[in-house]
Amino acid sequence: MSAVSMDVIVSLCKRRGFVFQSSEIYGGTGSCWDYGPLGVELRNNIKRIWWRDFVHQRDDMVGLDASILMHPTVWKASGHVDNFTDPMVDCRECKRRFRADQAGTMDWTHYCPATKGNKFTIKGGEPCKHCGARRTLCPECGKGELTAPRQFNLMFKTFMGPVEEDAALTYLRPETAQGIFVNFDNVLQATRRKLPFGIAQIGKAFRNEITPGNFIFRSREFEQMEIEFFVNPHDRLEGRPADEAWHDRWIADCQSWFTRYGLDPANVKLHEHLGDELAHYSKRTVDLLYRFPMGWNELMGIANRTDFDLKQHAKFSGKSLTWFDEERKEHVVPFVIEPSAGVDRALLAFLLDAYREEEVRGDKRVVLRFHSELAPIKIAVLPLLKKRPEIVAAGHDLRHRLTRRWLTLYDDTAAIGRLYRRQDEVGTPYCVTVDVKTVGDPEKGEAGDGKVTIRERDTMQQIRVPIAELEHVFGRLLDAGTPWSEVAAGYPRAEG
RNA sequence: GCGGGAAUAGCUCAGCGGUAGAGCGCCAGCCUUCCAAGCUGGGGGUCGCGGGUUCGAAUCCCGUUUCCCGCUCCA
C-alpha cells in the first residue's frame with residue numbers, strides 16, 4: 001500500500017489547488033475533475049516530459065493531434081460499437097452482478113430436486129448429472145433469478161449537426177488510438193517514414209464507466225498519452241519476430257520512464273494479461289501496475305494490437321493501409337505496439353509517491369518530493385523581512401528574472417518558516433531568500449553583498465550564492481539535472 | 001444497479017429539539033535576521049437539497065442528490 005491514504009491526497013489537492021471536483025458548487029460529480037492552478041502545471045509538466053522523451057528525443061517517433069469527434073464508421077471498424085459494451089445481469093436474491101456472457105459458462109451452484117435438494121457445484125455450462133437440469137438461477141447462490149441483461153454502451157453518443165433529428169450520430173472518442181490509425185497513411189506520406197516508427201498523441205478520451213471513482217483514477221473524461229508503434233512483422237529482431245521484441249522494449253522503456261521521474265520501483269510492477277483478459281485485437285498485453293491506496297491498479301497498458309486496426313480500417317474505408325517493403329518488394333500491414341498511459345493516473349501516482357510526512361524539530365512537515373521536472377513551481381523567492389522596501393524590491397526583481405526560464409513565485413505574506421512549509425507542501429524544489437545582507441543596511445553604512453540563500457526542499461540545506469550566479473546555478477540544478485550535493489559543494493553553507 | 005456509511009467554515013471535525021462552534025488554514029496589523037513562534041484584529045457556513053412534524057429543526061421523519069467503502073466491472 002502507498003503510505004498515504006487517498007483522503008489525505010484529495011484534501012491536499014483541493015486545499016492547495018491541484019484538483020477540484022467538477023461542478024462542485026452544484027453538488028459535484030465524482031466522474032469528472034478539474035485541475036487547479038498547481039494541478040494544471042503538474043499535468044502540463046507530465047505531458048511535456050512524456051512528449052519530449054518519447055517523441056522529440058527519439059528519431060523513430062512523430063506526433064499527432066487528432067480531433068475528438070470522428071466519422072462514426074471509425075467506431076464500427078474499431079469494434080467499439082459492437083464490443084465496447086458489457087451486458088450485465090443481477091441476481092435478485094444475493095444481489096451479485098455478472099457479465100451476461102460469462103454467467104452461462106461459470107461454475108454454478110445447484111440444489112438438485114432428484115437428490116432431495118442436495119447442493120452441488122457444477123462445472124461450467126454442464127447440466128446436472130442427477131436431474132439433467134441446466135442452470136436457470138444465479139450461478140453463485142443458486143437461489144435467485146437473474147434480471148434480464150442490461151446493455152451498457154461505454155461510448156458517449158453525440159450529434160454532429162445543429163438539428164438533432166437530422167444530425168449524424170457519432171461518439172466522443174473512447175480512446176485516442178483510432179485517430180492515429182486513421183491517419184496512418186497521411187503521416188506515412190507526409191513524413192516519408194520507414195518501419196519501424198511510431199505516432200504519439202496526447203488527448204482527451206471519454207468513457208461512460210459503470211463505476212467511476214477512486215478520485216481521478218477512473219473518471220468519465222480523462223486524458224491519454226498514447227503511442228502506436230508500427231513494426232514490420234516479417235522482420236526479425238534479437239532473434240524474434242520484430243513485433244515481439246519491440247513490445248518488450250516498450251515495456252521496459254515505459255517502466256523506467258515512470259521510475260526515472262520519481263515512482264518507487266517497489267510500487268510498480270508488470271501484469272501479463274492471460275487468456276480471457278486479452279482484448280479481442282490483442283496478441284499480448286502487459287499492464288504497468290502501481291500500488292495505489294486501493295491496491296495494485298493499472299497505470300498504463302502496453303498492447304500488441306497486431307494488424308487488427310489497420311486491417312479493419314482498410315476494410316471499412318476501402319483504402320489501402322499498408323507500407324511498401326522495398327527489400328522484399330511487398331505490401332505489409334504493420335503490426336502495432338501500443339503503449340497507452342493515462343495522464344490522470346500518472347499524475348495521481350506521482351502525487352502519491354511524492355507525498356511524505358516528516359518530523360522537523362518536533363513539528364510535522366508535509367512535503368511533496370516531486371522530481372524537479374514535475375514540480376509545478378520550480379523556485380520560490382521569499383523575503384526574510386517584508387518591511388524593508390529594498391528586500392521586497394530585490395525579491396520582486398529576482399522573481400521576474402528567474403521566471404523567464406523557470407516558473408517562479410514570490411511570497412511575503414508570512415514568516416520564513418511558514419513560507420518554507422507552504423512550498424514544501426506543493427513540492428517546490430528550491431527557495432531563494434533575500435535578507436538584509438543581500439541589500440545592505442544604509443543606516444549602519446553597510447553595503448549589500450549581492451548574495452542570496454538557496455534552500456533545497458528535501459535536505460533543507462542552504463547555500464549562499466551571488467545573485468549574478470543564480471541563473472547558472474539553477475541551470476545546473478533544474479536543466480542539467482546536476483545533483484544538489486554536487487552544486488552545493490561549490491558554495492558556502494548558510495546558517496539554518 | 002445492490003448493500004453499508006456519510007454530507008455542518010477553505011481543511012479536519014464537534015454539536016444531535018432552544019441565538020451555529022473548535023483546531024488548523026486564510027487576510028490585516030504589531031513583532032520577527034532562516035524552517036508551521038507570539039500578540040491583536042478580521043473575513044468566512046441560509047448545517048447538501050426539497051418536503052413534513054414542532055411554538056421552535058443542523059438535530060426527529062420522508063424523499064432526493066452527491067460522495068466514500070464493498071459487490072460488480074474496467075481496451
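Here is how names work: the chains are called A, B, and so on, in the same order as the sequence lines, proteins then strands, and each is numbered from 1.
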Side chain to side chain donor-acceptor pair (under 3.5 Å) with [X]: which residues, sequence neighbours excluded?
{"X": "D458(A)", "result": "none"}
{"X": "S340(A)", "result": "E226(A)"}
{"X": "T433(A)", "result": "Y420(A)"}
{"X": "K386(A)", "result": "none"}

Hey, what are the protein-to-nucleotides 37-40 of chain B N/O distances that come in under 3.5 Å?
unit_1, atom_1, unit_2, atom_2, d
A37(B), OP1, R418(A), NH2, 2.9

Practice problem: Considering just the side-chain nitrogens and oxygens of T413(A), establish if one lies under 4.0 Å of OP1 or OP2 belonging to C26(B). | Solution: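 No.
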Quiz item: OP1, OP2 of A36(B) versus side-chain N and O of R361(A): anything below 4.0 Å?
Solution: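 For A36(B), neither OP1 nor OP2 has a side-chain N or O of R361(A) closer than 4.0 Å.
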Self-check item: Residue-level proximity of residues 425-437 of chain A to RNA chain B when a heavy atom falls under 4.0 Å
Solution: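 Going residue by residue through residues 425-437 of chain A, the ones with a heavy atom under 4.0 Å of RNA chain B turn out to be T433(A), D435(A), V436(A).
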Quiz item: Below 4.0 angstrom, N of the basic side chain to O of the carboxylate: do R356(A) and E358(A) qualify?
Solution: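 Result for this pair is no, no salt bridge flagged.
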Quiz item: When you compare C26(B) with G10(B), how far apart are their C1' atoms, in angstrom units rounded to a whole number?
Solution: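 Nearest-Å result for C26(B) against G10(B) at atom C1': 8 Å.
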Exercise. Sticking with atom C1', work out how far G43(B) lies from G29(B), rounded to a whole angstrom.
Key: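 It works out to 15 Å between them.
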Quiz prompt | salt bridge (Lys or Arg N to Asp or Glu O under 4.0 Å) involving R249(A) - partner list, sequence neighbours excluded | solution =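 R249(A): salt bridge (Lys or Arg N to Asp or Glu O under 4.0 Å) contacts with E238(A).
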With sequence neighbours excluded, what pairs up with [X] under the ring-ring contact (aromatic ring centres under 6.0 Å, His included) test?
{"X": "F308(A)", "answer": "H280(A)"}
{"X": "H313(A)", "answer": "none"}
{"X": "H71(A)", "answer": "none"}
{"X": "F258(A)", "answer": "F350(A)"}

Quick one: which protein N/O atoms are closer than 3.5 Å to N/O atoms of nucleotides 9-11 of chain B? Pair and distance per line, please.
unit_1, atom_1, unit_2, atom_2, d
C11(B), OP1, K14(A), NZ, 2.4
C11(B), O3', S11(A), OG, 3.2
C11(B), O2', S11(A), OG, 3.2

Self-check item: N/O donor-acceptor pair, side chain R421(A) with base C35(B), under 3.5 angstrom
Solution: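 Result: at least one qualifying N/O pair found.
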Quiz prompt | Positive for side chain to side chain contact (heavy atoms under 4.5 Å, CB included) with F230(A), one of F181(A), F335(A), W246(A) | solution =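 Filter result, single survivor: F181(A).
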